[in-house]
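Throughout, protein chains are lettered first and strands after them, A, B, ... in sequence-line order, and every chain is numbered starting at 1. Values reported hereafter were calculated over all heavy atoms of this structure, with side chains retained and with hydrogens, waters and symmetry mates removed.
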Number of protein chains: 2
Amino acid sequence: MAASTLTEVARLAGVSPATASRVLNGSARKPGPGVSERVRQAAETLGYIPNAQAQALAKSSSGLVGLIVHDIADPYFSAIARGVQEVAREQHKMVLLATTGGTPADEKDAVAAFAARRADAIVIAGSRSRRPEDDKGNADLAAELDRYCRNGGHVGVVGQAIVGAGALDGYHLVEVPNEELAAELAGKLAAGHSGEFVIIGGPEGLITSDDRIRGFQSGLAAADRSPAEVLRASFNRAGGYEAGLELARRIREARASGASKEGEKPGLCIFAANDVMAIGATAGLRSQGFRIPRDALIAGFDDIETLRDFRPGLSTVRLPLEEIGRLATLSTSGPEAPDGDGHHDGGAAVTGEVTLRRSTEWTP
Amino acid sequence: MAASTLTEVARLAGVSPATASRVLNGSARKPGPGVSERVRQAAETLGYIPNAQAQALAKSSSGLVGLIVHDIADPYFSAIARGVQEVAREQHKMVLLATTGGTPADEKDAVAAFAARRADAIVIAGSRSRRPEDDKGNADLAAELDRYCRNGGHVGVVGQAIVGAGALDGYHLVEVPNEELAAELAGKLAAGHSGEFVIIGGPEGLITSDDRIRGFQSGLAAADRSPAEVLRASFNRAGGYEAGLELARRIREARASGASKEGEKPGLCIFAANDVMAIGATAGLRSQGFRIPRDALIAGFDDIETLRDFRPGLSTVRLPLEEIGRLATLSTSGPEAPDGDGHHDGGAAVTGEVTLRRSTEWTP
DNA sequence: TGTCGTTGGGAAAGCGCATTCCCACTGCAT
DNA sequence: ATGCAGTGGGAATGCGCTTTCCCAACGACA
């Protein structure tokens with residue numbers, strides 16, 4: 001038994017398919033009440049479910065929103081996904097999920113797949129990269145996106161503009177003031193910590209990471225502190241863990257050389273470019289017997305939900321992740337917001353909040 | 001500029017649409033090499049992207065996998081989602097996401113939407129409910145699913161059979177031995193704890209929760225212990241937190257009445273029906289000044305990834321969540337596995353592992 | 001009473017593709 | 001030279017729905 005079609009419903013109701021279509025889907029023309037009732041009855045008894053594919057084909061709009069993330073199980077992305085999902089639901093759309101691990105080539109494939117499905121909008125979360133080895137991939141991705149936009153698609157980008165993408169209509173950006181917030185964080189940390197700073201960042205070229213690092217450094221500079229050394233690792237917990245091990249080694253050396261002592265105010269304050277790295281670093285340090293904030297201070301970025309139950313409370317920058325997902329999605333469908341701030345589209349901007357917790361608070 | 005169509009490609013290549021279709025999509029009939037090359041060229045220069053909607057309509061198979069979860073930002077679900085996503089990717093399918101908060105009515109809507117999109121398969125994660133107030137919703141959901149299956153759809157269910165769904169072909173179950181594992185956990189905990197047990201469960205009727213509670217009780221019984229009292233709360237962190245507050249009150253009373261003393265081996269061992277509840281409960285207790293495992297022992301269930309960085313290490317039952325997602329998805333597309341175990345389909349089963357950590361380990 | 005605007009419904013033309021025929025042509029055995 | 005299977009390509013149909021166009025019936029107005 002195949003699913004019943006509009007034609008069958010129409011026949012049962014004794015009307016034409018055209019009429020049936022008019023009553024069952026929100027058409028401009030409203031048929032007479034008697035007819036409507038008959039059609040609705042027929043649809044009910046047949047258990048009619050409209051074929052969305054056919055609808056999409058006929059009116060070339062699919063009711064689909066594509067979402068591209070690095071990893072859906074990463075709390076940062078799943079929070080954004082929740083926001084996207086909410087808006088999609090409100091708009092009676094469905095979200096199509098693609099996870100890419102951040103590889104531009106995979107992201108390009110995802111965009112192509114979304115385009116093939118004629119998704120009404122695409123939301124891209126996750127940092128773009130500027131690494132030379134990704135140039136080719138980025139160019140391809142940008143080309144794919146441009147094509148998608150030229151064909152009438154809308155893309156909402158979280159964080160930063162797509163490298164190399166044209167300034168087309170259809171691009172919408174949710175700006176995250178990573179640099180400013182990182183600077184502010186640095187300032188506040190510098191006020192409470194007189195020792196050294198070190199940064200755990202993602203791979204060089206990862207824009208979000210770079211922005212945060214740059215911001216942090218400039219914040220340090222503004223507080224008359226010398227620039228922090230930057231450790232590079234992958235932009236996830238594993239990377240943070242690695243870096244944590246390395247830092248443990250250094251602390252141990254400092255202790256051995258007498259440059260610092262256990263029980264003293266820690267000489268090191270770590271800034272990890274995102275929370276999961278901070279968590280990883282904490283785990284790495286802990287595995288070597290070091291404690292936060294006893295032996296080192298540490299701060300992260302994002303304020304992912306997981307932190308609520310992380311001990312010690314991690315200092316970080318609160319980002320309204322769910323809201324970011326919402327905004328990115330809304331921007332793709334919203335009214336063509338009047339442009340006033342120099343962007344080529346009505347992009348939205350969010351703000352964050354520096355949140356100091358116990359991980360950067362040393363008490364004798 | 002609208003996206004170019006197969007017909008345009010065909011015209012450019014100087015062939016018929018039929019031929020173009022044959023070369024660009026894996027058809028059984030392979031056109032001659034000269035023609036193929038021309039068509040491919042034309043497609044390339046036009047930037048042709050096949051319209052998946054039209055393809056789906058024509059061959060009635062959409063390459064879509066629907067995934068239904070309660071909340072995509074819950075680590076339990078996002079881990080499963082990751083598994084589903086992986087398999088989908090391997091099979092060159094895309095996943096459609098729906099989050100329902102566990103409401104049967106919403107789940108029914110999601111199934112209908114997936115059916116409308118002619119999803120090749122639907123994976124339902126998240127516990128079904130048996131509560132009377134959900135009877136109607138469950139029945140509707142089951143009816144919707146039955147219809148979907150009868151129309152040739154495949155559904156993969158995580159955990160337990162759909163209440164009220166017929167024993168149709170098309171249902172595939174990934175069995176999770178919640179009851180057995182909970183019993184095993186109870187046994188191991190009873191070996192190390194001579195005091196009282198209390199269970200924090202989800203709402204009565206939530207099958208996963210009920211299964212785990214029943215298992216835990218029978219495990220206690222097997223160890224000659226009296227049944228634990230069951231506290232009911234919502235099946236998430238907030239529910240756990242509530243329960244944690246209540247338990248804090250009780251511990252305080254016990255202390256006040258002299259029934260227990262601070263610094264003594266805790267008289268209470270808590271079993272939360274899932275990890276996020278356990279985490280919530282821990283937070284609730286902590287907010288009242290109580291510590292784990294100093295003032296109470298606690299264990300959870302699932303071993304979500306978040307636990308890796310949760311202190312104290314939470315005793316739990318390790319479930320291969322990602323694998324569960326994978327299996328559920330594979331089961332919907334796999335070979336019609338020979339049936340031998342009495343199920344009406346080739347359902348898969350996973351196993352878990354009791355994992356004891358510091359949260360249930362009291363040291364003076 | 002005749003004409004004109006309105007209304008409610010049907011017929012038909014796609015939307016972009018897959019696929020089933022069908023045809024022209026080749027190479028081979030008879 | 002005739003028949004045949006086999007091959008590579010095109011024409012046409014249909015997937016299920018929307019939407020434009022068209023037509024009949026109806027009321028109102030002069």
To the nearest angstrom, how far is A:Asn51 atom CG from D:dT18 atom P? 10 Å
Spacing of B:Asp106 atom CG and B:Thr103 atom OG1 [to the nearest 0.5 Å]: 4.5 Å
B:Arg89 CZ: over 12 foreign heavy atoms closer than 6.0 Å: yes
Looking at every strand, decide which applies to B:Leu6 at a 4.0 Å heavy-atom threshold: base, sugar-phosphate, or nothing. sugar-phosphate
Would you mind telling me which of D:dT19, C:dG14, D:dG9 lies closest to the side-chain atoms of A:Lys59? D:dT19
Between C:dC15 atom P and A:Arg118 atom CZ, what is the distance in whole Å? 13 Å
What is the separation between atom CZ on A:Arg117 and atom C1' on C:dC15, rounded to the nearest whole Å? 17 Å
Checking D:dC15, C:dC15, D:dC17 against the side chain of A:Leu57 (C-beta onward), the nearest is C:dC15
For A:Thr5, which contact category applies under a 4.0 Å heavy-atom criterion: base, sugar-phosphate, or nothing? sugar-phosphate
If you check every side-chain atom of A:Ala18, which of C:dA11, D:dG9, C:dC17 has the closest atom? C:dA11
So which nucleotide from C:dG14, C:dA18, D:dG9 ends up closest to the side chain of B:Thr19? D:dG9
Side-chain N or O of B:Asn25 versus OP1/OP2 of C:dA18: is the shortest distance under 4.0 Å? yes
Closest approach of A:Leu64 to B:Gln53 (non-hydrogen atoms, all atoms of both residues): CD2-NE2, 4.2 Å
Mind checking whether B:Val65 and B:Leu96 have side chains closer than 4.5 Å, heavy atoms only? no
Starting from P on C:dC17, measure out to CD on A:Gln53 and report it in whole angstrom. 14 Å
Specify the separation, in whole Å, of atom CD of B:Gln55 and atom C1' of C:dC15. 14 Å
Starting at the 5' end of DNA chain D and moving along, which residue's nearest nucleotide shows up first, B:Ala58 or B:Pro17? B:Pro17
Assign A:Pro50 to base, sugar-phosphate, or nothing according to its heavy-atom contacts below 4.0 angstrom with the strands shown. sugar-phosphate
Check: A:Gly325 main-chain N/O paired with A:Thr329 side-chain donor or acceptor under 3.5 Å: yes
Side-chain N or O of A:Ser21 closer than 4.0 Å to phosphate OP1/OP2 of D:dT18: yes
Just how far, in rounded Å, is C1' of C:dC17 from CZ of B:Arg22? 13 Å
